[in-house]
Amino acid sequence: MKANCWMGRNSVEVREVPDPRILNSRDAVVRVTSTAICGSDLHLYDGYVPTMKKGDILGHEFMGEVVEVGPKVSTLKVGDRVVVPFPIACGNCTACEHGMFSLCENSNPNAGLAEKVMGHTPSGIFGYSHMLGGYPGGQAQYARVPFADVGPIKIEDDLPDEKVLFLSDILPTGWMGAEMCDIKPGDTIAVWGAGPVGQFAVASAYLMGAERVICIDRHPYRLRIAERAGAEALNYEEADVLDTLRDVTAGRGPDACVDAVGMEAHHPTPAMYAYDRVKQAARLETERPYALREAIMACRNGGIVSVIGVYGGVLDKFPMGSLMNRSLTLRSGQCHVQRYLKPLLAKIREGDIDPSFVITHRMRLEDAPRGYEMFKNKTDGCNKIVLTP
Ligand SMILES: [Zn+2]
Ligand SMILES: [Zn+2]
């Protein structure tokens, strides 16, 4: 089959690779009908996530048709149409039983690698480094899906791929980012990052009753899309973020702040950007955490900072004094996607949200290298790319 493979920093290549096979009794093999490139794939592309190997198949956002099932998968049959969540979860361990699927204790065969970096391991993730399981991803014609009796959700009506594909990651991730804010009617929420996850966090915050949602980015085209989800746009290259957020909240700050940016943030002050860029390049810190620092400083006393942007290791100049003295709550996590599949599918079906509004580009799988370049460099108004194998 054809698959999009990581070939080194800033290099992906669509190559012929062996077809996936059933390896365990709870596996299924899916013929991928749609797959997407995610902002977190760019952290791999940019070389900031350790333990990638040349030839690794990328992609953790995919859906398709079941073509083979293992003997212990009774919930799916050949021909079923499914969306596959990005965290791989067994359904039986303590974490899974508590609905913390991205912390599954049984799905990372390389747990030891992750423990060295993080103390304990989270779940395995499709196409996201050997530290997180070394699972081949879904930017391919076929993918093996472990624990197929737990993760994938069947799509039994005629909803098109583009409306349900993002159940695999970015829609539930944005939703969980808003959910962690404990939104009450009348709340003002600020979201750093007007990429697709931030755009979904904006839409979710409104569905949860937020009064105002302010979205912070520097790319006007991404802010325009966030505005379509209802956000008030704040371009940090044009206005001071902390001043503006104080102004619109009677001096208090937003009730909750969402970091939908993560480890590769930009900063309008060249000196600050250079400081973290140099330390990151020298591996003295792994992150450029401007969005997180600013979200903490901006948040009102006693508020919540919700982190859904991806981080990999350690960071500098963390405003712990602000967090502690002002009674802030910091919440975070890779999304427990499996928990949100049914309720969010129902919202799509009922028309409360149509996630396809984030898509700007549709390409064939063979065009993945061009897609990665375009998405990384934010050219041609590139917000979200869907690939068709
Ligand atoms: Zn993703
Ligand atoms: Zn588990």
Side-chain angles (χ1 to χ4, degrees), residues 4 6 24 26-27 32 34-46 48-49 57-63 72 83-109 111 114 120-129 132-133 135 137-139 143 145-152 164-177 193 195-201 260-264 307-312 333-341 344 355 358-359 368 371-372 375-376 382-387:
N4 183 43
W6 188 88
N24 295 310
R26 291 170 67 191
D27 288 352
V32 177
S34 294
T35 176
I37 305 175
C38 181
S40 59
D41 288 327
L42 294 181
H43 305 319
L44 306 172
Y45 188 65
D46 293 342
Y48 287 122
V49 177
I57 300 174
L58 293 168
H60 58 268
E61 301 181 357
F62 62 99
M63 64 176 295
K72 286 200 181 146
V83 178
V84 180
F86 78 85
I88 299 170
C90 76
N92 309 115
C93 70
T94 309
C96 286
E97 277 176 357
H98 287 85
M100 314 277 270
F101 295 96
S102 74
L103 303 177
C104 175
E105 293 159 4
N106 286 322
S107 63
N108 185 359
H120 300 271
T121 186
S123 74
I125 293 180
F126 289 101
Y128 216 80
S129 85
L132 295 178
Y135 291 98
Q139 287 167 9
V145 178
F147 304 121
D149 52 334
V150 173
V164 292
L165 170 62
F166 302 135
L167 286 168
S168 58
D169 175 1
I170 55 173
L171 176 60
T173 296
W175 180 269
M176 188 171 112
V197 168
Q199 291 156 5
F200 285 145
V261 176
M263 68 198 313
E264 291 188 69
V307 183
I308 45 174
V310 171
Y311 290 86
Q334 291 281 5
C335 184
H336 306 295
V337 175
Q338 286 82 339
R339 195 200 281 179
Y340 301 103
L341 288 172
L344 288 177
V358 302
I359 302 170
Y372 269 75
F375 187 40
K376 173 181 170 142
C382 188
N383 188 61
K384 187 72 179 176
I385 300 174
V386 174
L387 301 168

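One-based numbering, in listed order, for ligands and for the atoms of each.
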Worksheet item: Is any N, O or S atom of Glu61 under 2.8 Å away from the Zn ion (ligand 1)?
Response: yes
Worksheet item: What angle sits at the Zn ion (ligand 2) between SG of Cys93 and SG of Cys90, to 10°?
Response: 110°
Worksheet item: With a 6.0 Å cut-off on ring centres, are Phe62 and Phe126 close enough?
Response: yes
Item to complete: First locate atom OH of Tyr45, then atom CG of Leu58, and finally report the distance between them rounded to the nearest 0.5 Å.
Response: 10.5 Å
Item to complete: For the pair Gln139 (side chain) and Ala36 (backbone), establish whether a donor and an acceptor sit closer than 3.5 Å, ignoring hydrogens and angles.
Response: yes
Fill in: For the Zn ion (ligand 1), the closest N/O/S atom belonging to His60
NE2
Response to the item:
For SG in Cys96 and SG in Cys104, the angle at the Zn ion (ligand 2) (nearest 10°) is 110°
Worksheet item: Can you tell me how far the OG atom of Ser102 sits from the CD atom of Gln334, to the nearest 0.5 Å?
Response: 6.0 Å
Practice prompt. To the nearest 0.5 Å, tell me how far Leu132 CG sits from Ile125 CD1.
Written response: 5.0 Å
Worksheet, complete the sentence: Among the N/O/S atoms of Asp169, the Zn ion (ligand 1) lies closest to OD2
